[in-house]
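So the structure is just underneath, and the comments pick up after that.
Order of listing sets the numbers, starting from 1, for every ligand and every atom in it. Everything numeric here is computed off the predicted structure, so don't read it as measured data.
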Amino acid sequence: MAPSPQVSTHPLLVHKLAKLRSCTTLPSEFRQLVYEISQVLFYEATRDVPLRPTRVVTPLVECEGRELAEKIGLVPVLRAGLGMANAMLDALPEASVWHIGLYRDHATLQPVTYYNKLPPKPDMSMAFVLDPMLATGGSAVEAIRLLKLAGTPQIKFIGLIAAPEGVAALQAAHPNVPIHLAAIDSHLNEIGYIIPGLGDAGDRQFGTA
Ligand SMILES: O=P(O)(O)OC[C@H]1O[C@H](OP(=O)(O)OP(=O)(O)O)[C@H](O)[C@@H]1O
Ligand SMILES: O=c1cc[nH]c(=O)[nH]1
Ligand SMILES: [Mg+2]
């Protein structure tokens, strides 16, 4: 059985999430909030990444330090995942970034892939798929399917807001992929939007509504 999704309860994150949802929040502040919330979620989602010993020379002596034992890859789902990737790349500059372009067809709600340049063996041992909205779950399920096809050994999903329907779909399709979120909302409306949600995360980041 898939583990329960991890939903952050950090008070600062909960506070920022309310601002993110507000229809009065303009794109510049929206992008900043996506950045700040994503960075907190990235720290939480990487809590169990293994470390290995390394030697460090300080200005005074040589000592033992520890470094990440995984090669971390960030996989933003275009467009809306881009703002999340910036935040995580600033937290871990040595991460590699692999873009996957998907949009959700408005009529069918099915994901349509328009960009995938994953090589046969992407150079990462742990991938974080980034998409702020997990609605029906179709886009996340497809992005993770593409990553698994490319042979990525460990995959985690980080989103900002999910519908229960999206969580269930992702857990059913990929039960071995842990899910990290800022919130699980009430339901999807009749056109597949998360309620209460925040609207269209791509449009709100890039001012294209
Ligand atoms: O769980 P799903 O039902 O698949 O919906 C979620 C998808 O919808 C949004 O992308 P959108 O199609 O709006 O593309 P965009 O990021 O380019 O705006 C969102 O960023 C997800 O990728
Ligand atoms: O509520 C939703 C659902 C899908 N995509 C979004 O950006 N928002
Ligand atoms: Mg969109």
Side-chain angles (χ1 to χ4, degrees), residues 2 5 7 16-31 33-35 37-38 41-42 45 74-88 97-118 127-148 155-175 177-209:
V7 182
K16 289 175 194 293
L17 188 63
K19 292 188 180 198
L20 188 75
R21 291 181 189 277
S22 170
C23 63
T24 63
T25 298
L26 298 175
S28 59
E29 193 190 357
F30 190 91
R31 287 192 295 273
L33 289 163
V34 167
Y35 181 100
I37 294 168
S38 299
L41 290 176
F42 189 46
L74 304 174
V75 186
V77 176
L78 303 177
R79 289 174 299 167
L82 281 174
M84 299 179 73
N86 286 345
M88 292 163 187
V97 184
W98 304 87
H99 301 87
I100 293 181
L102 290 176
Y103 69 87
R104 189 173 76 147
D105 182 273
H106 283 296
T108 65
L109 300 186
Q110 294 305 304
V112 179
T113 305
Y114 60 88
Y115 185 84
N116 174 13
K117 287 272 170 65
L118 289 173
F128 290 83
V129 174
L130 315 175
D131 193 329
M133 309 307 276
L134 182 63
T136 65
S139 303
V141 166
E142 178 60 10
I144 292 167
R145 188 186 72 81
L146 295 173
L147 268 177
K148 284 186 172 175
I155 303 173
K156 297 187 182 206
F157 177 85
I158 306 181
L160 302 187
I161 300 180
E165 296 90 327
V167 171
L170 184 49
Q171 286 180 320
H174 301 296
V177 172
I179 302 173
H180 294 266
L181 298 165
I184 301 178
D185 278 6
S186 165
H187 63 280
L188 293 177
N189 71 7
E190 60 291 350
I191 54 167
Y193 275 79
I194 300 174
I195 302 297
L198 51 70
D200 186 299
D203 284 343
R204 294 204 59 191
Q205 276 180 77
F206 300 115
T208 52

My understanding is that we take every heavy atom of each candidate and find the minimum distance to atom 22 (O) of ligand 1. Doing that for Asp131, Val112, Val77, which one comes out nearest?
Asp131
Taking only non-hydrogen atoms of Tyr103 and a 4.0 Å limit, the atoms of ligand 1 in range are 12 (O)
Where the side chain of Lys156 meets the backbone of Ala45, is there a donor-acceptor pair that is under 3.5 Å apart?
yes
In this structure, CG of Asp203 is separated from CZ of Phe30 (nearest 0.5 Å) by 10.0 Å
Determine yes or no for a side-chain-to-main-chain donor-acceptor pair under 3.5 angstrom, with Asp185 supplying the side chain and His187 the backbone.
no
Return the option from Arg204, Arg104, Gln110 holding the heavy atom at the smallest distance from atom 12 (O) of ligand 1.
Arg104
Pairwise distance CG(Asp131) to CD1(Ile100) - rounded to 0.5 angstrom
10.5 Å
Is Gly137 near ligand 1, meaning one of its heavy atoms is under 4.0 Å from it?
yes
of all protein heavy atoms, closest to atom 5 (N) of ligand 2 is Met133 CB, 3.9 Å
Taking N or O atoms only and a 3.5 Å limit, does Met133 qualify as a polar contact for ligand 1?
no
Could you identify the single nearest non-hydrogen protein atom to atom 15 (P) of ligand 1 and state the distance to 0.1 Å?
Arg79 NE, 3.6 Å
When you measure from the side chain of Arg204 to the backbone N and O of Thr25, does any donor-acceptor pair fall under 3.5 Å?
yes
Does ligand 2 have an atom under 4.0 Å from some heavy atom of Gly199?
yes
Mode of Asp200 contact toward ligand 1 - side chain, backbone, both, neither (heavy atoms, under 4.0 Å):
side chain
What protein heavy atom sits nearest atom 3 (O) of ligand 1, and how far away is it?
Thr136 OG1, 2.6 Å
Please check if the side chain of Arg31 supplies one atom and the backbone of Gln205 the other of a donor-acceptor pair under 3.5 Å.
yes
N/O to N/O below 3.5 Å, does that happen between Ala80 and ligand 1?
yes
So which heavy atom in the protein is nearest atom 7 (O) of ligand 2, and how far is it from that ligand atom?
Ala201 N, 2.9 Å
Let me check your reading of the structure: within less than 2.8 Å of the Mg ion (ligand 3), is there an N/O/S atom from Asp203?
no
4.0 Å heavy-atom contact, Arg104 with ligand 2
yes
Could a heavy atom of Gly192 be found less than 4.0 Å from some atom of ligand 2?
yes
Can a protein heavy atom be found under 4.0 Å away from atom 10 (O) of ligand 1?
no
Look up atom CD1 in Ile179 and atom CG in Leu170, then write down how far apart they are to the nearest 0.5 Å.
4.0 Å
Distance to 0.1 Å, residue and atom name: give those for the protein heavy atom nearest to atom 4 (O) of ligand 1.
Ser139 OG, 2.6 Å
When rounded to the nearest 0.5 Å, the distance separating NZ of Lys19 from CD1 of Ile37 is 10.5 Å
Check: of Ala80, Ala135, Gly166, Pro132, min heavy-atom distance to atom 3 (C) of ligand 2 comes from Ala135
Would you confirm whether Glu142, through its side chain, and Thr113, through its main-chain N or O, come within 3.5 Å as a donor-acceptor pair?
no
Going by atom types only, do Arg104 and Thr136 share a side-chain donor-acceptor pair under 3.5 Å?
no
Please check if a non-hydrogen protein atom sits closer than 4.0 Å to atom 7 (C) of ligand 1.
yes
Rounded at 0.5 Å granularity, tell me how far CG in Leu78 sits from CG in Asn116.
10.5 Å
Could you tell me whether the side chain of His180 and the main chain of Phe42 form a donor-acceptor pair under 3.5 Å?
no
In this structure, atom 1 (O) of ligand 2 is nearest to the protein heavy atom Ile194 N, 2.9 Å
